[in-house]
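Notes for the one structure printed next.
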Amino acid sequence: MRVVTLTAETKSNLLNDLLRRSPNNYSEYENTVNGILEDVRRDGDQALFDYTLKFDKFALNTDNIRVPRAEIDEAYSLLDKKLVEVIRRSAENIRAFHQKQLRSSWFEPKADGTILGMKFTPMARAGVYVPGGKAAYPSSVLMNVIPAKVAGVGEIVMTTPPDARGKINPGTLVAADIAGVDTIYRVGGAQAVGAMAFGTRSVPKVDKLTGPGNIFVALAKKAVYGYVGIDSIAGPSEILVLADETANPKYAAADLLSQAEHDELASAILITTSKELAEQVSKWVDTFTSRLPRKEIIRKSLEQYGYILLAGSMEEAIDAANEIASEHLEILTANPYEVMTKIRNAGAIFLGEYSSEPLGDYFAGPNHILPTNGTAKFFSPLNVDDFMKKTSIISYSRQALEKVHGDIETFAESEGLTAHANSIRVRFGEESL
């Protein structure tokens, strides 16, 4: 891996380099995606059938678009029983973590008759997009579905592309069943996003749409935002390891590669105050890469977006980490908890040498649907609140309103909204119109 001294210039260059991976920079595909979405909105099911035949080589129709219970049961028999039990245990951890996020409606009455509050209501229907083929990740099914289930969403539907025989990855089906999906549809791509956003005869319109996908899926989610809610526009995976001289270079190198293997656009960055550690990590990266099956993807990822940054102090390293705002941030320092208190921007933080990133991907419980491309500065991990609507509650008695009606009228009139003022004034026999 390249070793670069951390300066204001190198940090700026790095940030610009990383931002090139954002889905916001793939405008050349937008016309294609918009055309697919318009076809789905106009032609409904027929567009889904046509695009599935074109892209997935499967003849989809009204009778086979919905995955039947028998096919889900068959998926259990196709998976190793040990893996099924691991998926169950992972689901239990994820569910337990997200249950702690639940909030109750609240109301605050006062003696003068004022009642203010907030009402929390789960969404009626959520939709989850799940990639197919080589990018089928049962862990992401759990992470998308379980928060919605915990929130109390009334119905959860899932779309995922079939192979040329119409089959769905069995791990995807088992994870969906364990997580609590109500209905699974064998359709993928931008057309599946359109179906959930607009609704077709077969696929119902949802209120919130979540889940990762390729660039066409990401752009489709961006385009339908406003018709439905979405989680975020997911970018390529990324990890930042913040380390001092006490870190184990072998562990740091292994953790960097855990994200570099995702795809050629993945980013793996080490920021350290130790030149010796930087050199050792670089050697271990080369050693591990040569042994790993996905070595070609890893090498291209590291060539483009892999960095080891040498910082003059831990304060400089922390400042850089906050600017990068990585999806995953590992802290491998003598006192990781102290460093953690200074981190403002990160999707998920992993503390200490035994809290490697895959722990969060698969098993610990916190959600692995995380903000990417610096959006951790203003976005959060997928959580129960993403599937809840919050409604303000306001109730005033005549006594309470009488104390403040003059203030409200003054404010409204200052904005030229005399009907607003009159709406208050008429309640006290002081019509001004």
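- For Asp50 and Gln46, the side-chain atoms include at least one donor-acceptor pair closer than 3.5 Å.
- Under the 3.5 Å distance criterion, the side-chain polar atoms of Glu330 are matched with a main-chain donor or acceptor of Glu357.
- Using a 4.0 Å cut-off between a side-chain N of Lys or Arg and a carboxylate O of Asp or Glu, Lys82 and Glu85 do not qualify as a salt bridge.
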Practice item. Evaluate the side chain to side chain contact (heavy atoms under 4.5 Å, CB included) criterion for residues Leu14 and Tyr307: first the C-alpha distance (whole Å), next the side-chain angles of each, then the deciding distance (0.1 Å), finally the verdict. Key: CA-CA 9 Å; Leu14 170 61; Tyr307 294 88; 3.2 Å; yes
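- Under the 6.0 Å distance and 45° angle rule, Arg103 does not count as a cation-pi partner of Phe120.
- A donor-acceptor distance shorter than 3.5 angstrom exists from the side chain of Asp163 to the backbone of Lys167, with no hydrogens or angles considered.
- With Thr289 contributing its side chain and Asp286 its backbone, the two residues share no donor-acceptor pair below 3.5 Å.
- Using a 4.0 Å cut-off between charged side-chain N and carboxylate O, Glu303 and Lys300 make no salt bridge.
- Contact between His262 and Ser237 at its shortest, heavy atoms only, is CD2-OG, 3.4 Å.
- Using modelled atom types and a 3.5 Å distance limit, the side chains of Asp244 and Thr273 yield no donor-acceptor pair.
- In this structure, Arg69 pairs ionically with Asp73, as a charged nitrogen and a carboxylate oxygen lie closer than 4.0 Å.
- Checked by atom type and distance alone, the side chain of Lys149 pairs as donor or acceptor with a backbone atom of Gly180 at under 3.5 Å.
- In this structure, Ser301 and Ser267 approach most closely via the heavy-atom pair OG-N, 4.4 Å.
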Point to revise | From CA spacing to verdict: side chain to side chain contact (heavy atoms under 4.5 Å, CB included), Ile65, Val203 | key: CA-CA 9 Å; Ile65 189 172; Val203 182; 4.1 Å; yes
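- Asn383 and His98 are not linked by any side-chain donor-acceptor pair at a separation below 3.5 angstrom, with hydrogens and angles left out of the test.
- Looking only at atom types and distance, the side chain of Gln304 has no donor-acceptor partner in the side chain of Glu264 under 3.5 Å away.
- Across Thr172, Asp182, Val67, Asn144, a single residue satisfies side-chain contact (heavy atoms from CB on, under 4.5 Å) together with Met158, and that is Thr172.
- The shortest heavy-atom contact between Ala195 and Val40 is N-CG1, 3.7 Å.
- Partners of Lys208 under the side-chain hydrogen bond (donor to acceptor under 3.5 Å, both in side chains) rule, at least two apart in sequence or in another chain, do not exist in this structure.
- In summary, the side chains of Asp39 and Tyr51 do present a donor paired with an acceptor at a separation below 3.5 Å, with no hydrogens or angles considered.
- Panel note: side chain Asn345, backbone Asn322; a donor-acceptor pair is recorded below 3.5 Å.
- Residues Leu370 and Gly347 approach most closely at CD2-O, 3.6 Å, considering heavy atoms.
- In summary, Glu92 and Arg89 do not engage in a salt bridge, as defined by a charged side-chain N under 4.0 Å from a carboxylate O.
- No donor-acceptor pair under 3.5 Å is formed between the side chain of Glu245 and the backbone N or O of Ser274.
- A donor-acceptor contact shorter than 3.5 Å links the side chain of His368 to the backbone of Asp361.
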Exercise for review: Decide yes or no on side chain to side chain contact (heavy atoms under 4.5 Å, CB included) for Val193 and Leu209, but give the supporting numbers first.
Suggested key: CA-CA 8 Å; Val193 172; Leu209 198 164; 3.9 Å; yes
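- Between the side chains of Thr375 and Lys377, not a single donor N or O lies within less than 3.5 Å of an accepting N or O.
- Put simply, the side chain of Asp207 never gets that close to the backbone of Gly229: no donor and acceptor are under 3.5 Å apart.
- The only member of Ile324, Leu329, Leu310 that meets side-chain contact (heavy atoms from CB on, under 4.5 Å) when paired with Ile271 is Ile324.
- Taking the six-membered ring where tryptophan is involved, the planes of Phe198 and Tyr227 are perpendicular, since the angle between them exceeds 60° and thus also 30°.
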Exercise for review: Walk me through it: do Glu38 and Asn34 pass the test side chain to side chain contact (heavy atoms under 4.5 Å, CB included)?
Suggested key: CA-CA 6 Å; Glu38 185 54 39; Asn34 289 337; over 6 Å; no
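- Checking each of Arg186, Arg165, Arg66 against Glu71 for a salt bridge (Lys or Arg N to Asp or Glu O under 4.0 Å) leaves exactly one that passes, namely Arg186.
- Judged by distance alone, the side chain of Ser12 and the main-chain N or O of Glu9 form no donor-acceptor pair under 3.5 Å.
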